[in-house]
Amino acid sequence: MATHILGISAFYHDSAAALIRDGEIIAAAQEERFTRRKHDPAFPRNAINYCLNEGGINTDELDYVTFYERPLVKFERLLETYLAFAPRGFASFQRAVPLWVNHKLDMPRQIIAGLGGQFRGDLCFTDHHESHAASAFFPSPFEEASILTLDAVGEWGTSSIGVGRGNKISISQEMRFPHSLGMLYSAFTYYTGFKVNSGEYKLMGLAPYGEPRFVDVILEKVASIKEDGSLWLDMSYFNYCQGLTMTSEKFHKLFGGPPRKQEGAITEKDMDLAASVQVVCEHVVLRAARHAHRESGLRNLVMAGGVALNCVANGRLLREGPFENIWIQPAAGDAGGAMGSALLIWYQMLDKVRKINSDDSQRGSLLGPRFSNGDIRLFLDSTGASYEYASDENVLIDRVARLLNEEKVIGWFQGRMEYGPRALGCRSIIGDARSPRMQQKMNLKIKFRESFRPFAPCVLRDFVDTVFEMRPNEDSPYMLLVAPVRDDWRLPLGRDELSKLKDPDLRVRVAVQRSRVPAITHVDYSARVQTVDPDRHGRFYRLMNRFYELTRCPVVVNTSFNIRGEPIVCTPEDAYRCFMATDMDCLILENQILMKDAQPSGVLQDAENYRARYELD
Ligand SMILES: [Fe+2]
């Protein structure tokens, strides 16, 4: 009889579920994709149902259900923090405690109730950072590796260092709340007017516009970094222990004014702050990694935790060493804790033999729902949509490659949905990276955002070192590394372009054509690279190959299939709704081709109404 383990993360942000059968990852998904509520923290009822369905089992066939952190220890941290800061912090104390007493402390009962009362197995709780560490090591392609986890906070831990060998992990060092790299980064995210727990990647994208002129003041006054990469924060600059904001008045005074208002104009100061905290973040990550390397002497590193999504820091770590190989869990944030917790039970607690896959065991992170051509046609017929069915894949990919070459923007919906925050070619919007108009078109007419960020490239893995400063055939299948565009792909800038680079409007700066693939080249020539290979990416690889045959360009733009504030689409219905409410030219649902201009006018959606459903992120 097979052993089934269900991992759950919930009640904070990014709830998710993952199902493991005899150690094999069967299914994993975030709850937000089903409820259409971004970062949904609710009990992941839909994600669990999907995982059980995919595994072909019922709740009573689950041997273990495991939760990604220990609620009692977390509650103890909250209480101790409040006591340490009392009587300050009463407002947030008053807000948090009833929620804990009435809901979160009763988690075992809530989980059992959420499973519908048929669960007969064991309920387990694993440590937050151990769950991250397990999600990083066990699916990795390494027999042994150093482990580094970095996030805002779990129970007490804010980062950890350890080692994974065979079927065991051990954590040797932990940094504790309130000293936290994730919290420091989020404090600057808050201060520069972005949303905490979701706007961090915008801050990272803003950094290349700025000068890191605040690094010294941050390191002198706000944070000190020790040789081993541990961090000490002067808490008088922060307010997250005792208040409802991230930063204190003293922080605002130090950096010359109150936090930027959300959606307000971005100033040079904001860009410089972004550049500065990014440099500090990279210092910490590099030092922690060097320390981990000194301690273990191993060649491989695995990483997880929200900070491991900082792909600029990851890119530097890979280029500057000391590790030869790095593997990062694609669901590095708390959603990935669900999978980590389940793997921890299988290997660490049940002591099962670990089979190592030379690619990795994450299966491209394509672990979510899929839909057959039959399902899709049933839905399309019920809405009266107009479509063609291309039974021959060669016909399909030739048609799409030609549409890309004509600068059409294409919704590309294929196979299983991605687990983790990035669309990796299954729920993606794709376009021609060579087009100087593509960045603006996708931002304004498809995503409904006025972004200063370029889009991310997908590149055929065989060409990764042709276009980017990366090693031949280097894998980056999860879009977690930033690398520079190679010199011979860059374009010389004339006087006109150089003056545009000083424009106060960042959209003017990002629109300057810096390379032969301008839609994916940032102002500092960097790009967040996803490599596409035949084993993981199948049809998407074959599409890109056909595009390459037509154009000699091995790169396309890849952005997530959603509008601003919307979770990435999950079902054909979600995809069709998004397609009809935006200026996307074409939608490919498995083998069905839908052209926008062929759709009946009755089903066209009002973009304004569609946009209004989603909170700005
Ligand atoms: Fe975490």
Side-chain angles (χ1 to χ4, degrees), residues 7-18 28 30-32 38-41 44 47 66-78 81 104 107 125-139 147-162 169 171 173-187 189 195-201 204 229-231 240 246 281 284-285 288 302-311 313-314 328-344 365 419-422 478 480:
I8 297 175
S9 61
F11 307 126
Y12 183 43
H13 55 89
D14 291 325
S15 292
Q30 290 123 284
E31 182 70 359
E32 63 161 28
K38 201 152 186 173
H39 305 300
D40 196 340
T66 178
F67 193 70
Y68 83 129
E69 62 181 15
R70 300 183 194 275
L72 279 177
V73 187
K74 193 166 178 172
F75 187 59
E76 171 202 275
R77 189 250 298 163
L78 289 181
T81 308
K104 295 190 177 183
M107 219 169 277
F125 292 84
T126 57
D127 192 77
H128 188 106
H129 273 266
E130 270 186 350
S131 301
H132 278 318
S135 78
F137 178 64
F138 292 127
I147 304 173
L148 179 58
T149 67
L150 296 149
D151 71 358
V153 62
E155 294 90 357
W156 280 102
T158 61
S159 73
S160 74
I161 283 177
I169 57 168
I171 305 291
Q173 257 176 291
E174 190 181 67
M175 197 163 83
R176 296 197 121 203
F177 188 81
H179 307 292
S180 159
L181 178 58
M183 286 291 191
L184 177 71
Y185 209 88
S186 291
T189 302
K195 210 170 173 176
V196 170
N197 285 334
S198 74
E200 282 75 8
Y201 64 98
M204 183 183 74
S230 61
L231 189 72
Y240 57 78
M246 290 299 294
C281 173
V284 174
V285 173
V302 297
M303 290 170 75
V307 179
L309 293 170
N310 192 306
C311 33
N314 299 343
I328 302 158
Q329 165 58 239
D334 283 357
M339 178 195 283
S341 188
L343 291 170
L344 203 59
S365 220
Y419 176 50
R422 307 271 168 259
Y478 305 120
L480 287 167

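Order of listing sets the numbers, starting from 1, for every ligand and every atom in it. The first residue of the sequence shown is numbered 1, and numbering continues consecutively from there.
Residues forming a ring-ring contact (aromatic ring centres under 6.0 Å, His included) with Tyr68 (at least two apart in sequence, or on another chain): His128. For Ala136, the side-chain contact (heavy atoms from CB on, under 4.5 Å) partners two or more places apart in sequence, or in a different chain, are Val302, Ala304. Listed by chain and number, the residues in a side-chain hydrogen bond (donor to acceptor under 3.5 Å, both in side chains) with Thr66 are Ser341 (sequence neighbours excluded).
Here the side chains of Val285 and Leu150 are in contact, with some heavy-atom distance below 4.5 Å. Considering only heavy atoms from C-beta on, Ser131 stays 4.5 Å or farther from Glu69 through its side chain.
Note on ring orientation: taking the six-membered ring where Trp is involved, the planes of His39 and His13 are perpendicular (angle over 60°, cut-offs 30° and 60°).
Nearby protein atoms of type N, O or S around the Fe ion (ligand 1) amount to 4 (distance under 2.8 Å).
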